[in-house]
Colleague: 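Encoded as structure tokens, here's the structure I'll be asking about.
From a predicted model like this one, the values you see are computed outputs, not experimental measurements. Hydrogens, waters and symmetry mates play no part in the numbers below; they use all other heavy atoms, side chains included. Below, chains carry the letters A, B, ... as their sequence lines are ordered, and counting in each starts from 1.
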2 protein chains.
Amino acid sequence: MAEAWGVSYATVSRTLNGRSGVDPKTREKVQRVADRLGYSPNLHARSLKTNQTGIIGLILPDISNPFFADIASAVNKVIYAQGYNSILCTTGWDVEIEEKQLSVLLDHRVDGIIFKPSPELTERYANLPIAKVMISNAQDRRFNFVEIDNREGGRIAADHLSDCGYQAPAFIGGDEDSRSNRDRLRGFRERLKERRIELSDKTVRFGGFSIESGYQSVSTLLDQSDRPDCFFCGNDLIALGVLQFLSENRYAVPNAAGVVGFDDVYFSSLPQIQLTTIRQPRHEIGAYAAQALIAALENDDPRPTTHITLQPQLIARNTTIRQSSKQSQETP
Amino acid sequence: MAEAWGVSYATVSRTLNGRSGVDPKTREKVQRVADRLGYSPNLHARSLKTNQTGIIGLILPDISNPFFADIASAVNKVIYAQGYNSILCTTGWDVEIEEKQLSVLLDHRVDGIIFKPSPELTERYANLPIAKVMISNAQDRRFNFVEIDNREGGRIAADHLSDCGYQAPAFIGGDEDSRSNRDRLRGFRERLKERRIELSDKTVRFGGFSIESGYQSVSTLLDQSDRPDCFFCGNDLIALGVLQFLSENRYAVPNAAGVVGFDDVYFSSLPQIQLTTIRQPRHEIGAYAAQALIAALENDDPRPTTHITLQPQLIARNTTIRQSSKQSQETP
DNA sequence: ATGAAAGCGCTAACAC
DNA sequence: GTGTTAGCGCTTTCAT
């Protein structure tokens, strides 16, 4: 701000930051000049001095995936309200890009980060001397985290498919390295076992978290001799791919084949889709994560304090056989 | 970087930025120390000096909308590759928030911005002394812009619905203030007129760009005495809302009612949806915008040079009556 | 090839 | 209530 005006820089700073100790008249005068000049404070200079940037870093795999888009959206809503902004980094599920992006965020001296890590990078994140919140995963109490009880989600799916009377379940996952996916499979398998249904390795497939991947996997599974009669999918995109293949190949859903997704992306509820799925409260994930980060930012004790495990929920729709009984239906 | 090591800051700077004029031995030594210390350059300090931040601002209405999510995704992909990062700001279609976010970006001294403006703020953007690319809209040659020929999109829809034999078209738009929406309506109406079909004001409705809005609007339209037999919707979300209502109320699509969307969001192609729509090349929009911005950044002449108008395309699927003839079908 | 030093725009003592 | 000033971590002349 041009100091061509008759006050010192200190006074300007005090005024513009609403600090006390400025004569109301001076304050008003400065404010007017600032407005007239369209003054915009240089946040970099401020950051240099204060070691605060008002920016939080968000590392997510893929924002074209509505699941992450909604999380990002919820995070932003919360942090905007607190005067923060975010730099969103997407990794495309690529570890190297993720590492690179992380460095960039650090170079930008973000106040904190919210991230969905690839497993390989967990240690790297753990050692970061910065406020952070991890989304999903690992029950690693070195972090603040917000996660979904994926194992329970798997159990819920197993119960439901079994209740529906399906006999030959299959699991179609995304990335095999994904911890959340493994947990879903684990819960699925263990609950099936309790119900005396075996989930053989031949009916477990991994691909990616995409429509195409689901389409591919189900095509392979139905080529085998022991055909599954139902599919628990790692996410809704995969399930949509499965449904697409089933529809194209004239498999009757839900009677000839049941499909359960994971996430409850918003279009899963459309009348034309009506996908039975395990809902993750995406908005809550993002909102809680943001709140946790802001709490960490305002807390000088660096030890993690937030460990939130959110419960998934069965949303029974039309891609599995309707049960008359006690299930939770979409419209109770 | 602690200067506890026997070289001057200048040498460190030269080394780390790959400037010439450093003895290879010194260079290596410095590099090693930097690596060992996990040195992370303070980008704010650098920015203060260089007036460059390597950050570009992205202002979009709503990232939960897959249309904008895909644009953001494409933008990021391109700018990452050039060593830039982005701050993504979402406005929730709220002008005040948009203005606020814009100020924040300016305070952060972003190198440039890519934005989808609300009409009220266009002047504000125009006066910004910063590299910028506008997405969609206004044919305003004061800007670099990447836009869709919305009017042509409306004409295409009119041609198609008319070819299908529908007689009583309706238009269900999003925000009435949206220029792109008005252009679609304009093209729609003018082409209908050429074909001797009148689009009365009673069959034109606006709401928002959401499923709920489409659902509401169609319900009102079908309550009227002159019932439309087909709907051209401002975007695919609206169309999905329309389809939902139609499905719940047992209107047979496409025979009793035709529906055309706009955007071709990826789930519109699902077997269960098969929405006829006017495709916008979302990825191209984002990619071109990013390229244009980078070009502007590297060009010291501030005058806008990029004016790209992308053509929408009819994707005929199952929510309109199939034509045997010359239409462009999804799978030719 | 390297160092010294100024200065980017701001904040926060500290003095008056 | 206001001004002076040091310094945040860098880049970049200008000397040497």
Colleague: At less than 4.0 Å, is any side-chain N or O atom of B/Thr26 found next to OP1 or OP2 of C/dT2? Yes or no.
Modeller: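 Checking B/Thr26 against C/dT2: at least one side-chain N or O falls below 4.0 Å of OP1 or OP2.
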Colleague: What residues form a side chain to side chain contact (heavy atoms under 4.5 Å, CB included) with A/Val104, not counting sequence neighbours?
Modeller: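 Testing A/Val104 for side chain to side chain contact (heavy atoms under 4.5 Å, CB included), a comparison that skips the adjacent residues, returns A/His108, B/Asn85.
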Colleague: Once you round it to whole Å, what is the distance between P of C/dG9 and NE2 of B/His108?
Modeller: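 About 17 Å, once rounded to whole Å.
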Colleague: Between B/Asn17 and D/dT11, is there a side-chain N or O to OP1/OP2 distance below 4.0 Å?
Modeller: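 Result: yes.
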Colleague: Using whole Å, report how far CG of B/Asn42 lies from P of C/dG9.
Modeller: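 That distance rounds to 16 Å.
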Colleague: From B/Ile71 CD1 over to B/Leu58 CG, what is the distance, rounded to the nearest 0.5 angstrom?
Modeller: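 Reported value, rounded in 0.5 Å steps: 9.0 Å.
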Colleague: Kindly state each residue pair satisfying salt bridge (Lys or Arg N to Asp or Glu O under 4.0 Å) with at least one member in residues 54-70 of chain A, sequence neighbours excluded.
Modeller: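 Counting only pairs at least two positions apart or across chains, the salt bridge (Lys or Arg N to Asp or Glu O under 4.0 Å) contacts touching residues 54-70 of chain A are A/Asp70-A/Arg282.
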Colleague: Figure out the OH/C1' separation between A/Tyr39 and C/dG9, and round it to whole Å.
Modeller: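 One finds 7 Å between C1' of C/dG9 and OH of A/Tyr39, rounded.
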Colleague: Will you find, in the side chains of A/Asp149 and A/Thr309, an N or O donor that is under 3.5 Å from an N or O acceptor?
Modeller: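 A/Thr309 and A/Asp149 do not have a side-chain donor-acceptor pair below 3.5 Å.
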Colleague: Counting only heavy atoms from other residues, nucleotides and ligands, does the tally under 6.0 Å from CZ of A/Phe115 exceed 12?
Modeller: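 Atom CZ in A/Phe115 is packed in, count exceeds 12.
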Colleague: Could you grab the distance from atom NZ of A/Lys77 to atom NE2 of A/His283, nearest 0.5 Å is fine?
Modeller: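 Output value for this atom pair is 4.0 Å.
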Colleague: Select from B/Val22 and B/Ala45 the residue whose nearest nucleotide in DNA chain C is closer to the 5' end of that strand.
Modeller: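 It is B/Val22 whose nearest nucleotide is closer to the 5' end.
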Colleague: Mind calculating the distance between CZ (A/Arg109) and P (D/dG9) to the nearest angstrom?
Modeller: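 Computing the A/Arg109:CZ to D/dG9:P distance gives 9 Å.
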Colleague: When you compare the protein's N or O atoms with those of nucleotides 12-16 of chain D, which come within less than 3.5 Å of each other, and at what distance?
Modeller:
from	atom 1	to	atom 2	distance (Å)
D/dT12	OP2	B/Arg19	NH2	3.3

Colleague: Is there side-chain contact between B/Leu60 and B/Thr91, with at least one heavy-atom pair below 4.5 Å?
Modeller: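 Not touching, per the 4.5 Å side-chain cut-off.
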Colleague: Give the rounded distance in Å between these two atoms: CG of B/Leu43 and C1' of D/dT11.
Modeller: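 Going from B/Leu43 (CG) to D/dT11 (C1'), I get 13 Å.
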Colleague: Tell me the interatomic distance from B/Leu48, atom CG, to C/dG7, atom C1', rounded to whole angstroms.
Modeller: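 In whole Å, C/dG7 C1' lies 9 Å from B/Leu48 CG.
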Colleague: Can you tell me how far C1' of D/dG9 sits from CG of B/Leu16, to the nearest Å?
Modeller: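 Distance, rounded to whole Å: 13 Å.
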Colleague: Mind calculating the distance between NE2 (A/His44) and P (D/dT11) to the nearest angstrom?
Modeller: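 Interatomic distance, NE2 of A/His44 to P of D/dT11: 14 Å.
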